[in-house]
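First comes the structure, then the notes that go with it.
Chain letters run A, B, ... following the sequence lines, proteins first and then strands; every chain starts at 1.
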Amino acid sequence: MGKYILKRLLWIIPVVLGVTIMVFTIMYLTPGDPARMILGSNATEEKVEALHEQMGLNGTYLQRLGRYMKQVFVDQDLGSSYYTGVSVKEQIKARLPYTLRIAGISILIAACIGIPLGVLAATHHYTWIDNTAMFASLFCVSMPGFWFALILVSFFALKLGWLPAVGIKSWTGYILPCLAGAIGGAAGLARQTRSGMLEVIRQDYITTARAKGQTERKVIFRHALKNALIPIITVMGGMFGSSLGGTLIIETIFSIPGMGTYLTDAISKRDYPVIQGGVLFISICFCLIMLLVDIVYAFVDPRIRSQYAGSTRKRKAGKGDKKE
Amino acid sequence: MTDISLEVRNLKKYFNTPKGYLHAVDNVNFSIQTGKTLGVVGESGCGKSTLGRVVLHLLDSTDGQILFHGEDVTHVDKAKLRTLREDMQIIFQDPYSSLNPRMSVSEIIMEPLLLKGGISRAEMYKETKRLMDTVGLAERLENSYPHELDGGRRQRIGIARALALNPKFIVCDEPVSALDVSIQAQVLNLMLDLQEERGLTYLFITHDLSVVKYFSDDIMVMYLGQVVEKAPSDELFASPSHPYTKALLSAIPVPDVHAPRNRILLKGEITSPINPKPGCRFAARCPYASEECHREQQLVEIRKNHYVACQKAEELMDKKEKL
Amino acid sequence: MSGQKKEELLKIEDLVVEYDTDEAVVKAVNHVNLQLGKGETLGLVGETGAGKTTIAKAILRILPDPPAKVRGGRIYFDGEDMLKLSEGKMRKIRGNKIAMIFQDPMTALNPIETVGKQIAEAISLHEKLSKAEVEKRAVDMLEMVGIPGERYSEYPHQFSGGMKQRVVIAMALACRPELLLADEPTTALDVTIQAQVLDMMDSLKEKLDTSMILITHDLGIVAGMCDRVAVVYAGEIVEQGTTEEVFDHAGHPYTVGLFNSLPRLNGTEKRLKPIDGLMPDPTNLPEGCKFRERCPFAKDECGKKDPEIKEFRPGHFVKCVRAGGEER
Amino acid sequence: MKKKKKSHTREILHRLFKNKLAVAGLVVIILLVLAAIFAPLLAPYAYEAQDLTSTFQAPGKAHLLGTDNLGRDILSRLIYGTRQSLRIGVLSVAIASVLGITFGSIAGFYGGKVDNVLMRMLDIYQSVPAMLLSIALAAALGPGLNNAILAIGISTMAEYARMIRAQILTVREREYVEAARAINASDPRIVLKHIIPNAFAPLIVSITMNIGNSILAAATLSFIGLGAQPPLPEWGAMLSAGRSYMRDYGYLVIIPGICIMASVLAFNLLGDGLRDALDPKMKN
């Protein structure tokens, strides 16, 4: 088990390096010259050249990449904004918690609504409950999250005045953004849980449990749900990624000082260090979440756990080396 | 080199796995006379299916020689492989997964003809109909899809496809084990008729001992990649001499209430053939195992055409089911 | 093997089970009558799709509904009609008085629970024992089926196929049921392992004095294990009697056909005699005798009305108009 | 065990048409396509026609769905908007699936080391959340609908790559592929005739559903100013523009949102229906 966690931890290193290169490359290929944007189109070539030098925009792709990598990993510095001059690292430190909190709470709400709904639908397969729950969740999956956020704002904030429309001064500020972020995930989880449950309910071991004289409730919760939830762990991990993406947009609606407002602002100004640093950091967070998910998965699923427990390691199936 | 259809010498097939080399087929020797059937029996994981696939070049051999009508075909180029495959065909175990679900019956049977080429479409179509008739598929089924048919008919499609190129030799990989007994008998009879009409040579792979007895001229028993006993069919059933063969034969449930029941129960289960220790691979489960079993066992001819890989064979041969 | 006047444990009368699908109604079990005495082993023989498993699951009332519907009949167990019992009472019978073993040991065990716990679950459901006692009993059960008790806390994937089937058997026998329904318990296993498992089942059955319904397609297994046998064809019992009777004096043309289809180890026949044709489509069963289309002796009257079940020889029942006429 | 003779496709369509929700989805999609084709005929006004004398008109006789801050007829803009939405959906999915299928097929066919390297690359690539990657790519490429399409296409290819690879790996092990080799079928033939047709079912489902998801993603990009640029009548952009007037003219936000949702829902319904129809076992 320790070996598995170590292996999985080490894998983070190439991933982070790879993501850094990828993000850098995307920005490198971007047309337009930030130096010229700052100086205006009347500036002389020399002035632009000088600013290039100062901003580290001179040199070949590899030179620039090398400089950036050194800056990020050796000096642990993400640079500073072209426009405000404020350190990107400091800004991220201040802003990331908001984004993570909203995304995290959204996922939690989504799980609390989606998983029970999925179980309910699966256990009432072929009935109106299933049909209604599934149509409702498909409806919610199809709904643009930012649109739902706007509707929430106009109703609960503007019309009823119960909750703040913008800002996040107290916990009440979290309610609407988190609800808006949760709805898509809840619907998605409900669908996934349902299909997972239906798959498991068909298995022989469920019939075996019934044949033992176990109550239907226990059959569902002890045997079916546990098995169905294992793959849901991974689904939820992946969902955290989309939840992060969604949160970025929702933040702009509620003017929350998180990564979303930071990034969208930087995008409109082509503030490269901010975009690079922001994307890199969110991705690293996502990687860590996925790492956690994999480890949790390995702990819950004895089949994986024993694979790494030493001697009983199974060879990979389906690699063309047929037995028999 | 008169009438030996297929000969295999010291054939080996190892698979590289994370845990080491899996000895799926280890040093196997046999030959089949033209028009005869060699039955290969063994339990799951004994390498019998791999053997069939190596013979057909569907898998590459690790070592050893394959001779087809006296010609060494172990390593062949693409062109030779094409002609070789026209002569050597295979019938698969699972009539559900061996047919492409997106092709109709006639498309499946016609495909080999299409790939061979040389005749017009109309002729191919005529030939397809003839093949369907040969294997007993009604003409009206030509546009059906495999999923619409039952296991027996599907297996007939598989046989027709194998026959399309007019092969001399067919590997039958558990062709009836997925079928119900009444259907199984239909298919077995068909295969016997075809052998008689066309002088086919069969390598008949199965785990079902009663079928193999009925179907084969010679039988070869495999255990963990190795041949433990080889003999003419009647001889093997009359005087099995390897302890494993004895146990295997005694374990067959006989559909006769008056038959004496004296099963030899083996201890333990089949182990994995990954990096096997030298010596007899059956020793761990063998009721007669002794110290000497840790050295390599050779196939020895203990009676005419009766080969056994066990040092105690001679003494066990006459030991009629003592239990 | 007389099996004549044993005390009756299970009696099925006129059982009808159908599956309602979108397209048609599958007539899986059609007016089945069966009885089983205490301590007896009944073999239920037939081909794929004949309705054997459906009968067993109907006894335990674990058929998936929808699509399966029990359309009629009575199933008496210890004199009580189980089809009329409440779900709660039925649960007290399942796993306790009647247990079931399924065909595929690979999928019959919950992959994320230890085998010990799964056996313990069956025990704790029906017996008021302390946790430690339950565990002790589960370990005993494991050892009884030849698995070291230390393997209690291992997971199913750590066992081989044969071992898994032993676990399943241990689980089924944990509460010493009066009746064991074994659905093709060895079909997924290799011959030598099959021999081990069958041998073990036989001796455990004796030891625990359990009656058994053994579902199989293998007549060889029936010959070795069963006191009586019932042959199932297209959802009907076409022949029923003591194993010796049925094997020696098969009365129904289908049973005769089954025997002729089998390659014999001691025989020298050069050709098998298969049954022509296929089992009829269960959504579209023919009028009259369901075997008529494949039967070499079919007459006009066979198509007109369903043949009655006749006592062909003492204690040997056959559903064929020819029964009582010439033997095979 | 049906005796009816039916080809695979017809059987699937038969099952699909029995599913009312899927048919409803299909009908909505057909209506969208028709609206896109006949937009100039259907729209009562030109989509860019401003009428500053009648801004913010509530839905009424002259303007069925009202007008926006520049007095443009919302219904007309919505009708023209179908063109953008369908273009986004179809093109970005086309880009994603072509990229993904190529990538996944290479990994699946060659297997071994090639597969390993490619899949690890995909892991890294997927470490950036798809929405974030779309935003970053769209930002890098610059605002504009075509760039948004490209950005969405690139950032969603991983799903197809994984799916087709997994399918190829399963299908490759089937006996009929072995049988094809035994009758001398060439590798390309095996791939085209035996593997791809059997690996395609889940792909079709996912393509259908992803058209909807791409429309959603593009609307999101437009919403933050990265997608369609004014005066192009794209639903997300309309929603974004209406946002400033939301307090007083809620319909400016609500109506485009409903359009987005309805079209995404239609594709999802059809996709769901297709999945059930393609694999009837999965349904119950």
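For a residue to count as touching a neighbouring chain, one of its non-hydrogen atoms must lie under 4.5 Å from one of that chain's; by this rule C:Leu181 does not touch chain A. In this structure, chain A has no heavy atom under 4.5 Å from any part of C:Lys92. With a threshold of 4.5 angstrom between heavy atoms, C:Met171 approaches chain A through side-chain atoms but not through N, CA, C or O. Using a 4.5 Å cut-off between heavy atoms, C:Leu109 contacts chain A through its backbone alone, with no side-chain atom that close.
Taking both residues in full, the closest heavy atoms of C:Leu125 and A:Gly213 are given as CD1-C, 3.9 Å, listed atom of the first, atom of the second, then distance. When every heavy atom of A:Tyr205 is checked against every heavy atom of C:Asn110, the shortest pair comes out as CB-N, 3.5 Å. Minimum interatomic distance between C:Pro111 and A:Pro302 (heavy atoms only, all atoms of both residues): O-CG, 3.5 Å.
A 4.5 Å side-chain heavy-atom check between C:Met106 and A:Asp204 finds every atom pair outside the cut-off. Side chains of C:Ile112 and A:Ile230 form a contact here, defined as non-hydrogen atoms less than 4.5 Å apart.
In C:Lys136, the NZ atom is not crowded: 12 or fewer heavy atoms of neighbouring residues, nucleotides or ligands sit closer than 6.0 Å. Other residues, nucleotides and ligands contribute over 12 non-hydrogen atoms within 6.0 Å of the OH atom of C:Tyr152. Enclosure of atom CZ in A:Phe139 is not indicated, since only 12 or fewer non-hydrogen atoms of other residues, nucleotides or ligands lie within 6.0 angstrom.
Most heavy-atom pairs under 4.5 Å with chain A: of the set C:Thr107, C:Thr114, C:Val168, this distinction falls to C:Thr107. Residue with the most contacts toward chain A among C:Met100, C:Arg61, C:Glu154, C:Glu113: C:Glu113 (heavy-atom pairs, distance under 4.5 Å).
Contacts of residues 220-228 of chain A with chain C at a heavy-atom distance below 4.5 Å involve A:Arg222, A:His223, A:Lys226, A:Asn227, listed in sequence order.
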Which pairs would a plain distance check flag for residues 283-294 of chain A, meaning a side-chain donor or acceptor within less than 3.5 Å of a matching protein atom at least two apart in sequence or in another chain?
from, atom 1, to, atom 2, distance (Å)
A:Ser283, OG, A:Val279, O, 2.7
A:Asp294, OD2, A:Arg8, NE, 2.6
A:Asp294, OD2, A:Arg8, NH2, 3.0

Side-chain atoms of residues 232-244 of chain A: list all donor-acceptor pairs with protein atoms under 3.5 Å, sequence neighbours left out, distances to 0.1 Å.
from, atom 1, to, atom 2, distance (Å)
A:Ser242, OG, A:Met239, O, 2.9
A:Ser243, OG, A:Ala103, O, 3.4

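Judged as a salt bridge (Lys or Arg N to Asp or Glu O under 4.0 Å), and not counting sequence neighbours, the contacts of A:Glu216 are A:Arg210.
Looking at A:Lys212, its side chain does come within 3.5 Å of a backbone N or O of C:Gln118 through a donor-acceptor pair. A donor-acceptor contact shorter than 3.5 Å links the side chain of A:Thr208 to the backbone of C:Ala108.
Between the OG1 atom of A:Thr207 and the CG atom of C:Leu60 there is a distance of 11.0 Å, given to the nearest 0.5 Å.
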